[in-house]
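Everything below concerns the one structure shown next.
For the single chain, residues carry numbers from 1 onward in sequence order. Just so you know, ligand 1 is whichever comes first in the structure, and atom 1 is the first atom listed for that ligand.
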Amino acid sequence: MRTITIKPAAITHNLNQVKKLAPTSKVLAMVKANAYGHGVAAVLPALQQADGVGVATLIEALEARKLGWDKTIGLIEGAFTVNEWQQAIEHDISCVIHHAPQLTWALAHIPPINSATRVVWLKYNTGMNRLGFNEQTLIPAAKLLHHAGYQLILTTHFANADNHSHPLNAIQIQRFNDMLSTLRETINCDVKGSLCNSAGIVNFSKHHHDWVRPGIMLYGSAPVIDQSACELNLQPAMEFSAQIIALQTVNAGDTIGYGSRWLAQQDTKTALVSIGYGDGYPRIIGDDVYVSVIDTINHKSYPCAVIGRVAMDMIVIDVSNVPEGIALNSKVILWGDTPHVDEVAAHAGTISYELLCRLSLRPQRLQG
Ligand SMILES: *Cc1c(COP(=O)(O)O)cnc(C)c1O
């Protein structure tokens, strides 16, 4: 069995950590990309205390509605066509407006007075240089939307919030705060602000504004480079596991797997584990990554190194250090409490976000 177990209680715990850090802000819980690979249906019930959920595509927004989410749904790249804008109105989705065509659609098709689509997230490009109006174009756009009856949330996105000391952070914060003051003075004192993703929530506590937009920290990964998930009291919401399907002893001098990349320096007890890149376990990881083997006698957890190349359907691990209770079908944790997905991601030269998002459909999904 290859298994992805989702722990709703961990997600609720992590949401509470967000609320502790940002007690006066509303929370738009990001559930884009199938809730960072966790499964939207599995995650929504654990997010009942969030004020809204954020998604990247209209299809994801409609899915959340269909699953019964009846609070705010924020579409963070907005509608891609006028037809999508009209569907957003139909389903009460609140959209980002980041460029002139979206502005045109919003002015041509104004939602009914109590529609959630009357709230727009007006995107300001403060330095990320992907989406958003600039210093010149934002104010006229805000005026047009305000006069058409929209309520505005000024929003922007950090490029380097994970690194507290990156110089662009202060610039982005300054530009955002200045623009928010300008809009409040010249247009409407009730314009809201939304600046922080997970890393911003942790690193920039003075700038949480009206809405925070946590993603990765809800799933239990560290959003910043200098503090671990454990230090931030975040709990991993996923356990990715498999089992031992064969045991062997390889002799000193033997090699293992494709490319014969791993050479046994001494006689070594090995185990085959039923997981591979076909499940989403990264092929690129180095020799120093470990998995946790749960022995069948004492149910204790032992770290075992992955040796040889990760294949599509299996990996080999060194079980020499497991004293007893190694048997067929022993459980093997690829990531969960230990190793943490953040550690595996570091070994794979990537970030937890990517490992979580790119899990395949093959592992069985369970609720824990
Ligand atoms: C994905 C996303 C977030 C959440 O980012 P995390 O780093 O996962 O907290 C917040 N805001 C926007 C606009 C996003 O696209």
Side-chain angles (χ1 to χ4, degrees), residues 11 14-15 17-19 21-22 25-38 40 43 47 50-58 60-61 64 72-80 93-99 102 119-133 153-164 166 168-169 172-173 176 192-205 207-227 229 232 234 236-238 341-342 345 350-358:
I11 295 172
N14 297 334
L15 175 61
Q17 291 303 112
V18 170
K19 287 170 170 270
L21 291 168
S25 303
K26 290 188 174 179
V27 177
L28 191 77
M30 302 306 294
V31 299
K32 61 192 180 187
N34 202 23
Y36 292 50
H38 292 66
V40 188
V43 157
L47 293 172
D51 301 282
V53 294
V55 293
T57 70
L58 184 68
E60 292 175 336
T72 294
I73 298 178
L75 187 56
I76 59 166
E77 293 163 17
F80 298 165
I93 313 295
S94 303
C95 297
V96 161
I97 291 186
H98 63 77
H99 64 9
Q102 291 175 338
V119 176
V120 295
W121 301 66
L122 188 58
K123 183 95 168 197
Y124 182 28
N125 174 16
T126 54
M128 175 75 110
N129 291 314
R130 298 191 310 186
L131 303 177
F133 293 92
I153 303 171
L154 183 71
T155 189
T156 195
H157 197 47
F158 282 115
N160 303 281
D162 57 328
N163 176 2
H164 188 277
H166 193 286
L168 191 57
N169 291 319
Q172 289 194 270
I173 290 170
F176 182 83
K192 306 280 193 260
S194 177
L195 176 57
C196 291
N197 59 349
S198 301
I201 292 166
V202 171
N203 273 340
F204 304 110
S205 57
H207 304 285
H208 287 158
H209 290 283
D210 302 283
W211 282 87
V212 291
R213 308 186 307 270
I216 197 69
M217 70 190 289
L218 294 174
Y219 306 102
S221 274
V224 294
I225 58 177
D226 55 349
Q227 287 175 88
L232 292 164
L234 299 172
M238 177 190 292
V341 65
D342 290 349
T350 186
I351 52 177
S352 60
Y353 302 66
E354 187 188 4
L355 295 189
L356 296 170
C357 283
R358 71 178 196 188

**Q.** Centroid separation Phe176 to His209 less than 6.0 Å
**A.**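 Yes: the rings meet the under 6.0 Å criterion.
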Q: Verify whether the ring centers belonging to His164 and Phe204 lie closer than 6.0 Å.
A: yes
Q: Under the salt bridge (charged side-chain N to carboxylate O under 4.0 Å, His left out) rule, collect the residues that match up with Asp210, sequence neighbours excluded.
A: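 Partners of Asp210 under the salt bridge (charged side-chain N to carboxylate O under 4.0 Å, His left out) test: Arg184.
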For ligand 1, the portion of [X] having any non-hydrogen atom under 4.0 Å away:
X      : answer
Arg213 : both
Ile76  : side chain
Lys32  : side chain

Look at [atom] and say which protein heavy atom is nearest, naming residue and atom and giving the distance to 0.1 Å.
atom                    : value
atom 12 (C) of ligand 1 : His157 CE1, 3.4 Å
atom 7 (O) of ligand 1  : Tyr353 OH, 2.7 Å
atom 9 (O) of ligand 1  : Ser198 OG, 2.5 Å
atom 8 (O) of ligand 1  : Tyr36 OH, 2.5 Å

I want to know if ligand 1 touches [X] in the polar sense, i.e. an N/O pair below 3.5 angstrom.
X      : value
Lys123 : no
Pro214 : no
Gly215 : yes

Q | Gly52 backbone acceptor or donor facing Thr72 side chain under 3.5 Å | A |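 Not confirmed, Thr72 side chain does not pair with Gly52 backbone.
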Q: Apply side chain to side chain contact (heavy atoms under 4.5 Å, CB included) to the pair Trp121 and Trp211, showing each step before the final yes or no.
A: CA-CA 11 Å; Trp121 301 66; Trp211 282 87; 3.7 Å; yes
Q) Are side-chain heavy atoms of Tyr219 and Val43 found at a separation under 4.5 Å? A)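 Counting from C-beta outward, Tyr219 and Val43 do come under 4.5 Å.
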(Q) Between Arg213 and Thr155, is there a side-chain donor-acceptor contact under 3.5 Å, judged purely by atom types and distance? (A)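 Yes, a side-chain donor-acceptor pair sits under 3.5 Å.
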